[in-house]
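By convention here, the first residue in the shown sequence is residue 1. Values below: every heavy atom of this structure, side chains too, minus hydrogens, waters and symmetry copies. Note that this is a predicted model, so its numbers are computed, not measured.
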Amino acid sequence: MPLFIVFLGIILLLILVAKLKLNGFISLILVSLFVGVLEGMPVMQVITSIKTGVGNTLGELALIIGFGAMLGKLLADCGGAQRIATTLINVFGYKYIQWAVVLTGFILGFALFYEVGFVLLLPLVCSIAVAARLPILYVGAPMAASLSVTHGFLPPHPGPTAIAAIFHADMGKTLLYGICIAIPAMILAGPVYAHFLKNINKPVPQGLYNQKKFSDDEMPGFTISILTALIPVFLMGLRAVAEMILPNNHVLLSYADFFGNPIIATLFAVLVAIFTFGVNRGRSMTEISDTITASIKVIAMILLIIAGGGAFKQILVNSHIDHYITNMMHDSHLSPLLMAWLIAALLRIALGSATVAAMTAGGIVAPLIMTTGVSPELMVLSVGSGSLIFSHVNDPGFWLFKEYFNLTIGETLRSWSVLETIISACGLAGCLMLAQVI
């Protein structure tokens with residue numbers, strides 16, 4: 001009966017989000033109330049659980065995601081993103097243009113949210129397609145694949161960061177394992193799959209490739225741009241490596257733990273970016289502050305949706321549904337990684353939002369980590385992979401891709417939806433393979 005109530009809650013979430021088009025945050029709070037009351041929890045305990053879930057979830061994530069958004073906005077507004085993109089394209093040339101676009105998207109994807117990176121890079125993609133006389137999807141699909149991979153797999157993006165917090169996973173290890181899985185996934189879904197899309201030869205959308213660009217003098221240098229953007233990656237990666245190779249009492253370990261903490265790593269990157277992308281470019285502190293303020297507007301609703309997912313997770317914990325999930329898995333031979341991926345995938349197909357699907361699945365499968373001993377970092381990546389599968393008409397990202405590339409619904413299903421499914425399947429395969437060696 002308790003699991004049946006959870007199932008009813010998911011059905012209600014589907015109706016609210018997909019059918020009634022209600023905001024994801026409000027829907028998650030309503031479902032949390034619904035499930036908590038039906039599970040027999042006292043009403044005031046339900047409310048307390050929701051407040052606890054929201055507070056605990058946002059406590060660390062608000063800082064990490066907020067600093068990440070500031071870094072990305074500073075990078076974009078000073079021309080640093082354009083510098084990285086144009087430099088890599090000049091190095092690779094038109095013959096290997098897909099690889100330049102993939103690498104650009106992967107690097108910028110660490111600092112930029114998917115939608116921001118997509119809109120920012122699209123004019124460049126359109127310009128390349130026109131200059132090289134290539135189909136727009138031949139260039140655009142690799143860009144979308146690399147941005148999607150970083151969005152679904154790698155901290156400090158909201159989805160994997162939030163799931164890592166739920167699972168108590170190490171952010172640095174999640175990042176390292178995620179990079180190992182992300183590289184083959186974006187290659188297969190990007191340059192490889194784009195070859196099968198050559199016959200979808202749509203005209204480049206007018207007005208997207210002649211927007212005002214930064215002049216060479218306005219942009220920061222390539223080295224400073226890329227080093228500043230990747231500071232959190234370096235620091236969190238070094239921490240993970242230090243924890244793997246240094247003894248517990250080594251003097252350097254405490255420093256690695258401090259500077260590699262996701263909050264400190266992203267904060268340090270923002271402070272450096274304020275100088276390299278702001279003061280050093282002749283921008284006033286007022287202009288820099290305006291950029292930082294604008295960055296928070298992008299993530300406000302994302303944070304609330306994550307908070308709603310945290311509330312739902314806390315209801316599942318406080319109503320002791322974890323006991324039923326544990327008993328269900330006791331006699332099962334199904335891999336917890338596969339189960340986590342399946343649940344996230346089903347929710348993604350039903351709900352559309354990858355973030356809502358990931359947060360909901362995270363709350364459901366969290367008990368499996370304690371009972372099975374599976375790597376929490378791989379569970380993060382498994383849920384993240386499942387939450388990307390087969391984006392279709394109930395996902396805003398589907399329509400973003402369709403409209404910007406001037407596609408029909410059928411062409412979008414064939415390109416974008418399949419591309420996302422390839423990334424999801426590669427993510428699951430990577431998790432299962434890594435589970436054999438770590």
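To the nearest 0.5 Å, atoms CD1 (Ile65) and NE2 (His157) are separated by 10.5 Å. Here CG of Leu303 is found 8.0 Å from CD1 of Ile296. Values are rounded to the nearest 0.5 Å. Taken to the nearest 0.5 Å, the CD1 atom of Ile389 stands 11.0 Å off from the CD1 atom of Ile422. Rounding to the nearest 0.5 Å places CD1 of Ile10 at 3.5 Å from CD1 of Ile364.
Looking only at distances, no side-chain donor or acceptor of Ser382 sits under 3.5 Å from a matching main-chain atom of Leu378. Formation of a donor-acceptor pair under 3.5 Å by the Ser415 side chain with backbone atoms of Glu411 is found in this model. Under a 3.5 Å cut-off, the side chain of Lys402 and the backbone N or O of Leu407 do form a donor-acceptor pair. Panel note: side chain His392, backbone Leu413; no donor-acceptor pair is recorded below 3.5 Å. Between the Thr150 side chain and the Leu147 main chain, a donor and an acceptor come within less than 3.5 Å of each other. No side-chain donor-acceptor contact under 3.5 Å links Arg348 to the backbone of Ala357. No donor-acceptor pair under 3.5 Å is formed between the side chain of Ser417 and the backbone N or O of Arg414. For Ser387 (side chain) and Gly384 (main-chain N/O), a donor-acceptor pair under 3.5 Å exists by modelled atom type. Checked by atom type and distance alone, the side chain of Gln82 pairs as donor or acceptor with a backbone atom of Phe214 at under 3.5 Å. For Glu377 (side chain) and Asp170 (main-chain N/O), a donor-acceptor pair under 3.5 Å exists by modelled atom type.
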Run Ile305 and Met359 through side-chain contact (heavy atoms from CB on, under 4.5 Å) and show every step you take.
CA-CA 9 Å; Ile305 290 175; Met359 290 301 296; 5.6 Å; no
Output, in order, the C-alpha distance, side-chain angles, deciding distance and verdict of side-chain contact (heavy atoms from CB on, under 4.5 Å) for Phe234 and Leu227.
CA-CA 9 Å; Phe234 292 146; Leu227 288 179; 4.0 Å; yes
Could you give me the CA-CA distance, side-chain angles and deciding distance for Phe277 and Asp77, then say whether side-chain contact (heavy atoms from CB on, under 4.5 Å) is met?
CA-CA 8 Å; Phe277 296 154; Asp77 282 4; over 6 Å; no
Take Phe153 and Phe106, measure what ring pair (Phe, Tyr, Trp, His ring centres under 6.0 Å) needs, and give me the verdict at the end.
CA-CA 11 Å; Phe153 293 172; Phe106 190 62; over 10 Å; no
Please report the C-alpha distance between Phe167 and Val383 in whole Å, then the side-chain angles of each, then the deciding distance to 0.1 Å, and finally whether the side-chain contact (heavy atoms from CB on, under 4.5 Å) criterion is met.
CA-CA 11 Å; Phe167 293 169; Val383 170; 4.1 Å; yes
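By the 6.0 Å contact criterion, CZ on Phe268 is open, its count of non-hydrogen atoms from other residues, nucleotides or ligands being 12 or less. Counting heavy atoms of neighbouring residues, nucleotides and ligands inside a 6.0 Å radius, atom OH of Tyr96 does not exceed 12 of them.
Between the side chains of Ser424 and Trp341, a donor-acceptor pair is found at a separation under 3.5 Å.
Here the closest non-hydrogen pair linking Glu39 and Ser319 is CB-CB, 3.9 Å. Listed here is the closest heavy atom pair of Ser49 and Ile315: CB-CD1, 3.7 Å. Heavy-atom minimum distance, Met186 versus Ser146: SD-CB, 3.9 Å.
With ring centers used as reference points, Tyr138 lies under 6.0 Å from His195. Taking the six-membered ring for Trp and the full ring otherwise, the centers of Phe401 and Tyr114 sit at least 6.0 Å from each other.
A salt bridge does not link Glu243 with Lys173: every distance from a Lys NZ or Arg NE/NH1/NH2 to an Asp or Glu carboxylate oxygen is 4.0 Å or more.
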